[in-house]
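What follows is a set of notes on a single structure, which appears directly below.
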Amino acid sequence: MIIANNVTKKYGKLLALDNVSVACNKGECVILIGPNGSGKTTLIKCILGMAIPDSGFITFNTKNINKDWAYRAAIGYMPQIGKYPENMTIGQVLGMMKDIRGTLQPLDEDLIKAFKLDRLMHKRMGTLSGGTTQKVSAALAFLFNPAVLILDEPTAGLDPIASEILKDKILAEKEKGKLILVTSHVLSDLDDLVTEVIYMQDGKLCFHQSIELLRQDTGEQKLAKAIASIMIENN
């Protein structure tokens with residue numbers, strides 16, 4: 001569904017992505033991990049069309065995304081830190097996004113209801129806590145029923161109940177055959193969700209494995225321990 005082919009991206013002298021090739025398919029929940037500065041965010045920006053590779057290319061459903069932005073309607077994106085007009089209410093932000101999208105497809109308002117945002121529609125974005133803002137970001141990512149969900153640190157700032165609600169929603173969407181791409185530092189949150197692991201460091205792809213193969217190779221069932229074992233071995 002999404003394939004990066006030998007993607008390289010530089011910012012001045014900084015090599016953010018170094019000849020990265022990965023393939024992510026329908027029905028997978030892929031976790032993209034690595035230390036700060038590893039290239040995770042740059043890869044996501046390239047997938048979203050927010051950054052243009054210096055070489056290599058990315059395809060969405062076999063079609064090169066370069067200069068063809070229509071594919072982004074099929075992607076729901078949840079940023080790590082959502083930034084919204086502070087004077088707008090939650091209801092106005094949701095309404096604005098519906099107007100911009102202009103879609104006739106049925107909306108997915110499960111998270112609006114599960115997070116009880118329908119009771120907070122009059123609240124202005126500038127008055128919201130970080131956790132509530134995160135809930136708005138999550139609701140927007142799922143709202144237009146996208147085929148692909150890209151979630152950047154989705155559980156950061158959420159209370160335990162909200163975190164479980166979101167994880168259940170991610171699992172439900174994966175079981176519908178959607179592609180979920182997640183970045184996270186809290187690996188314990190994702191043991192029940194992840195099917196594929198992509199590990200990056202210094203702009204390079206270190207490994208891309210299924211969680212089953214990773215567990216077999218390391219003898220570890222917990223995602224965090226399995227990855228730690230691989231990195232210790234590689235070092």
Side-chain angles (χ1 to χ4, degrees), residues 11 29 31-33 36-37 40-51 69-174 176 178-190 193:
Y11 294 103
C29 182
I31 183 171
L32 177 59
I33 58 177
N36 291 334
K40 304 186 302 295
T41 298
T42 301
L43 180 58
I44 287 175
K45 285 183 176 180
C46 288
I47 292 172
L48 292 171
M50 298 167 64
W69 314 122
Y71 77 97
R72 287 188 288 189
I75 297 177
Y77 174 54
M78 179 182 177
Q80 182 176 356
I81 301 175
K83 296 182 179 180
Y84 306 96
E86 294 187 355
N87 64 327
M88 293 183 71
T89 66
I90 293 176
Q92 288 171 337
V93 168
L94 292 172
M96 177 182 67
M97 294 308 299
K98 291 175 184 178
D99 289 343
I100 290 172
R101 284 292 189 109
T103 180
L104 298 177
Q105 297 295 324
L107 298 178
D108 182 349
E109 298 185 336
D110 287 354
L111 288 181
I112 293 176
K113 297 171 183 175
F115 288 148
K116 297 181 172 58
L117 294 176
D118 50 340
R119 304 179 187 178
L120 304 174
M121 291 296 183
H122 62 287
K123 295 285 188 180
R124 296 193 180 277
M125 298 301 300
T127 68
L128 302 182
S129 67
T132 303
T133 302
Q134 193 78 339
K135 291 176 183 178
V136 173
S137 293
L140 283 169
F142 288 82
L143 183 60
F144 299 100
N145 203 20
V148 177
L149 289 150
I150 298 178
L151 312 174
D152 192 358
E153 297 286 350
T155 59
L158 293 181
D159 61 73
I161 293 175
S163 181
E164 287 302 314
I165 289 172
L166 180 56
K167 286 190 287 183
D168 286 346
K169 180 62 175 173
I170 293 171
L171 183 59
E173 296 305 294
K174 179 177 76 71
K176 291 178 184 177
K178 295 184 179 182
L179 167 61
I180 319 288
L181 180 59
V182 182
T183 69
S184 181
H185 287 97
V186 188
L187 303 185
S188 58
D189 283 349
L190 301 169
L193 302 176

- [ ] Enter the distance from Cys29:SG to Lys167:NZ here, rounded to the nearest 0.5 Å.
- [x] 11.5 Å
- [ ] Write down the atom of Ile44, the atom of Tyr77, and the distance for their closest heavy-atom approach.
- [x] CG2-CE1, 4.2 Å
- [ ] Quick one: pull up CD in Glu86 and CZ in Arg124 and give me the separation to the nearest 0.5 Å.
- [x] 11.5 Å
Open item on the list: salt bridge (Lys or Arg N to Asp or Glu O under 4.0 Å), that's the test. Do Lys169 and Asp108 meet it? Break it down for me.
Closed with: CA-CA 11 Å; Lys169 180 62 175 173; Asp108 182 349; 2.7 Å; yes
Task: Spacing of OG1 belonging to Thr132 relative to CG belonging to Leu117, to within rounding of 0.5 Å - done: 7.5 Å
Task: NZ on Lys135 to CD1 on Ile112, rounded to 0.5 Å - done: 13.5 Å
- [ ] Kindly indicate, with the supporting measurements, whether the criterion side chain to side chain contact (heavy atoms under 4.5 Å, CB included) is fulfilled by Ile170 and Phe142.
- [x] CA-CA 9 Å; Ile170 293 171; Phe142 288 82; 4.0 Å; yes
- [ ] Ignoring hydrogens and angles, state whether a donor on the side chain of Lys176 or Asn145 is under 3.5 Å from an acceptor on the partner side chain.
- [x] no
TODO: Indicate whether any N or O donor in one side chain lies under 3.5 Å from an N or O acceptor in the other, for Tyr84 and Ser137.
DONE: yes
Open item on the list: Which heavy atom of Leu166 sits nearest to which heavy atom of Ala138, and what is that distance?
Closed with: CD1-CB, 4.2 Å
TODO: Go through Leu140 and Leu94 one step at a time and tell me if the side chain to side chain contact (heavy atoms under 4.5 Å, CB included) criterion holds.
DONE: CA-CA 7 Å; Leu140 283 169; Leu94 292 172; 3.5 Å; yes
Task: Closest contact, heavy atoms only, Lys40 versus Leu32 - done: CD-O, 3.5 Å
Task: Point-to-point distance, once rounded to the nearest 0.5 Å, from OG1 of Thr42 to CE of Met50 - done: 10.5 Å
- [ ] Could you go through the side chain to side chain contact (heavy atoms under 4.5 Å, CB included) check for Met121 and Thr89 one step at a time?
- [x] CA-CA 6 Å; Met121 291 296 183; Thr89 66; 6.0 Å; no
TODO: Mind listing the closest non-hydrogen atom pair of Ala162 and Phe115 along with its distance?
DONE: O-CE2, 3.6 Å
TODO: Name all residues meeting the salt bridge (charged side-chain N to carboxylate O under 4.0 Å, His left out) criterion together with Asp118; count only those two or more places apart in sequence or in a different chain, and write none if there are none.
DONE: none
Open item on the list: Are Ile161 and Glu164 packed together at the side-chain level, in the sense that at least one heavy-atom pair is separated by less than 4.5 angstrom?
Closed with: no
Open item on the list: Side chains of Met125 and Gln92, heavy atoms from C-beta outward: is any pair under 4.5 Å?
Closed with: no
Task: For Tyr71 against Ile47, the heavy-atom pair lying closest together - done: OH-O, 2.7 Å
Open item on the list: With a 6.0 Å cut-off (strictly less than), is the heavy-atom count around CG of Leu107, excluding the residue itself, greater than 12?
Closed with: yes
Task: N-O pairing of Asp152 and Lys45 below 4.0 Å - done: no
Open item on the list: Quick check for you: to the nearest 0.5 Å, what is the distance between Ile150 atom CD1 and Leu181 atom CG?
Closed with: 5.5 Å
Open item on the list: So does Thr155 get a backbone contact from the side chain of Ser163, meaning a donor-acceptor N/O pair under 3.5 Å?
Closed with: no
Task: CA sep, side-chain torsions, deciding dist, call: Leu149, Glu173, side chain to side chain contact (heavy atoms under 4.5 Å, CB included) - done: CA-CA 9 Å; Leu149 289 150; Glu173 296 305 294; 4.1 Å; yes
Task: Distance-minimising heavy-atom pair for Ser184 and Ile33 - done: O-CG2, 3.5 Å
Open item on the list: I'd like to know if the side chain of Arg72 and the backbone of Leu48 have a donor-acceptor N/O pair within less than 3.5 Å.
Closed with: yes
Task: Pairing of Glu109 and Lys98 as salt bridge, 4.0 angstrom limit - done: yes
